[in-house]
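The next block holds one structure in the form of structure tokens; read it before the comments.
Chain identifiers are assigned alphabetically (A, B, ...) following the order of the sequence lines, protein sequences preceding nucleic acid strands; residue numbering begins at 1 within each chain.
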Amino acid sequence: MDQSRRNFCRGIGAATVGAATLAATPGEAAAGPRKGGDAAHRWAMVVDVRKCVGCQACTVACIMENDVPENSFRTIVSTYEVTEQGKTGSYMLPRLCNHCEDAPCIPVCPTGATYQRKDGIVVVDNTVCVGCAYCVQACPYDARFINHETQTADKCTFCVHRVDAGLLPACVETCVGGARIFGDLKDPDSTVSRLVREQDPKVLKPEQGTQPRVFYIGLDPKFQGKVDGTPTLWRPSAQPHVEAHVEKEHA
Amino acid sequence: MDTNIVEIINVTREVAWLPWAVQYFFLIGLSVGGVLLSLPGYAFANDEWRKLGRVGLLVALTCGLAAPVALLSDLHQPGRFWHFYAVFRPTSWMWWGSLIIPFYVTGLLVYAWTCFREELQEHGRVDSHLATLYRLAALGGGRDDRLIRYAGLVVLAGAVLVALYTGAEVAVVKARPLWHTPFLPVQFLTTALVGAAGLVLILNRFAADHDLAVEARANRLLAGFLGAVMAVGGLWLAFGLFGIDRTHTEALEGVANSEAWRVTAVWAVLATVAPFVIAVAKPVGTGLLTGLIAVHSAWMFRWTVFIGGQTVPKTGAGFYEYALPAGPDGLLGIIGTAGLWLFLLLVITAVLPTPARSAPRPVRAAHAADRTMAAAE
Ligand code: SF4
Ligand code: SF4
């Protein structure tokens, strides 16, 4: 069992002990009341990009776990080829919903379908969502999309159904390199709390003021915002004879 | 340091606000513009503006009634639209929009009725099978300037709210630097006025009696609106170029290196400058040309903002590709809304054909020998 999983089980037991390293006070003013979940926890993820091998096992595990439609992704490992001073290497950056503390996707939602649980997980009630996609526009991380099977907004939920059952998110469970570490920020002894305290991890687009709760260790500033580079070369759906609706969204 | 980054694997997010949204913002903008152009002639009873106002009213009505259909179609779950009305979500401009739209459209219908009441009354006096219906529709009254003014002020409030919410809804999206600018609501409004003046010029030719005075006036208005568009566009550019504000610089940097965006920019400038020059140099006889360019330019602006804006990735490199789908989410949606608009225009102009007399009234009043005309005065 890897570090992240072991810590998670311990975290559950030791929940509610002590104060959180990071202020986890709900930013309720703009976003509306938090509902559901257990306020004793504040779930978060630390991604150690140095350990990511870019195998996309998390991408696949997420799709299987959450029945993500073809050509849509709740998480993906963005992979870059970086050439610097004549040397070329790869850079991997797992991306997912940041379950932001001050999530801009919430206040814009006209129906209240998008909301934050007391444990910080941002979810979409797809029985309420009208599919207006305002939240898709408002997320600064392109973390959301319209699921064409439900015709509602969709995104990573930290595998909320698994977390509620005391399990790890599927991507964490499957991570080969142990790069994804999940846990409770309100438990000062959890690995995520410790890493956040000791490693000074970075977040994506801090200037947006969203206060992400997905942290990155080893995040190169060149990848912190919109990446300045040559766009993706891998376009599997751009092959000929692929139906138009598939073509609209490709990886 | 010389770094070269090539993205090998990343997700491509498809456009989530569809061409339906472009149609909605285009139509509702033109409708607001049409209302504003109709106010001097009707709500403020300035007879010199009456004929232009009538064409403006046609623009406002046809576009204003077609717009909500396009908006509804942009929802991926249109059947759930009532969910807007089951909650209180004051933090969402879209939620406010769901209250403002019915207010505006209802106000518009009432206002249009007060404006057209005089005509309904006239039709009710003609000896025809439909006369009773017209009389019913007129509710036994005619021109009532006070009523028109009250209704006009209400619809003016609605129009202001629509302009405010449609602009703010997009401008608050901090995640998209291209949208996140206080200039955007102003740009929406000025380009909407351009589009409305353009459509007035076109309808003056095809759905009214091609009055040259209306054409000249509308062309001059158009030139003014285009001037405003250029001024605001120039300011936006200055903010980006001279680094006055970071969001604007970011927005500009995001698209400046793209060939497609450069072509779009040149196109937009041409579609603004050309009708401006023509309208100023020759306000009579050019209305159809300037009108068509103006309407096209108002539409293009929205297409570029919405569809173009969504092809700029928030985290990934380069741009997402967009190909207009042929189905309801693309071309069919655009043609469908245009068809609906045309249908509304045909119905309204069939029920209320352009009155035979023309303003200023004293000129024609001399010829107003028949009973109907005399009664209308
Ligand atoms: S990453 Fe995007 S979708 Fe997730 S909480 Fe933050 S703003 Fe919302
Ligand atoms: S798509 Fe759904 S969740 Fe997103 S803003 Fe609209 S109603 Fe809310």
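For Y91(A), no part lies under 4.5 angstrom from a heavy atom of chain B. D228(A) touches chain B through its backbone: at least one of N, CA, C or O sits under 4.5 Å from a heavy atom, while the side chain does not. Neither the backbone nor the side chain of T59(A) comes within contact range of chain B; no heavy atom of the residue lies under 4.5 Å from a heavy atom of that chain. Residue N126(A) touches chain B through its backbone alone, counting heavy-atom pairs closer than 4.5 Å. At a 4.5 Å heavy-atom cutoff, E250(B) makes no contact with chain A through either its backbone or its side chain. Interface residue R95(A): only side-chain heavy atoms are found under 4.5 Å from chain B.
Two residues are said to be in side-chain contact when any heavy atoms from C-beta on lie closer than 4.5 Å; Q56(A) and I9(B) meet this criterion. The shortest distance between side-chain heavy atoms of S78(A) and E7(B) does not fall below 4.5 Å. Side-chain contact between R13(B) and R144(A) is absent, with no heavy atoms from C-beta onward closer than 4.5 Å.
Rounded to the nearest 0.5 Å, atoms OG1 (T127(A)) and CD (Q77(B)) are 10.0 Å apart. Here the CZ-CG distance, from F73(A) to N10(B), works out to 10.0 Å after rounding to the nearest 0.5 Å. We find the OG1-CG distance between T12(B) and N71(A) to be 9.0 Å, quoted to the nearest 0.5 Å. Annotation: the span from Q208(A) atom CD to H180(B) atom NE2 amounts to 8.0 Å, rounded to 0.5 Å.
Highest contact tally toward chain A, considering only W96(B), W93(B), W17(B), F88(B), is held by W17(B) [criterion: heavy-atom pairs under 4.5 Å]. Counting heavy-atom pairs under 4.5 Å between each of L75(B), V173(B), D74(B), L71(B) and chain A puts L75(B) at the top. Per-residue counts of heavy-atom pairs under 4.5 Å with chain B were compared for V77(A), T88(A), V128(A), T152(A); the largest is that of V128(A). Heavy-atom pairs under 4.5 Å with chain B were tallied for T210(A), T83(A), V108(A), L204(A); the largest tally goes to T83(A).
Heavy atoms only, all atoms of each residue included: T111(A) and F84(B) are closest at CG2-N, 4.5 Å. E207(A) approaches R246(B) most closely through the heavy-atom pair CG-NH2, 3.4 Å. Taking every heavy atom of both residues into account, I5(B) and F223(A) meet most closely at CD1-CZ, 3.8 Å. Summarising the geometry of T91(B) relative to P107(A), their closest heavy-atom pair is OG1-O, 2.7 Å, with the distance given to 0.1 Å. Considering every non-hydrogen atom in both E84(A) and T3(B), the closest pair reads OE2-OG1, 3.0 Å. Residues P231(A) and A317(B) share a closest heavy-atom pair of CB-O, 3.5 Å.
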Check: Checking side chain to side chain contact (heavy atoms under 4.5 Å, CB included) for the pair V11(B)/D142(A): CA distance, chi angles, key distance, verdict?
Finding: CA-CA 9 Å; V11(B) 61; D142(A) 267 352; 5.7 Å; no
Next item on the list: Take E14(B) and H148(A), measure what side chain to side chain contact (heavy atoms under 4.5 Å, CB included) needs, and give me the verdict at the end.
Entry: CA-CA 11 Å; E14(B) 62 177 354; H148(A) 288 301; 2.4 Å; yes
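Using a 4.5 Å heavy-atom cut-off against chain B, the contacting residues of residues 129-140 of chain A are C129(A), V130(A), G131(A), C132(A), A133(A), Y134(A), V136(A), Q137(A), A138(A), C139(A), P140(A).
In terms of modelled atom types and a separation under 3.5 Å, the side chain of K205(A) and the main chain of K314(B) share a donor-acceptor contact. Judged by distance alone, the side chain of K226(A) and the main-chain N or O of G316(B) form a donor-acceptor pair under 3.5 Å.
With sequence neighbours left out, D67(A) forms a salt bridge (charged side-chain N to carboxylate O under 4.0 Å, His left out) with no residue at all.
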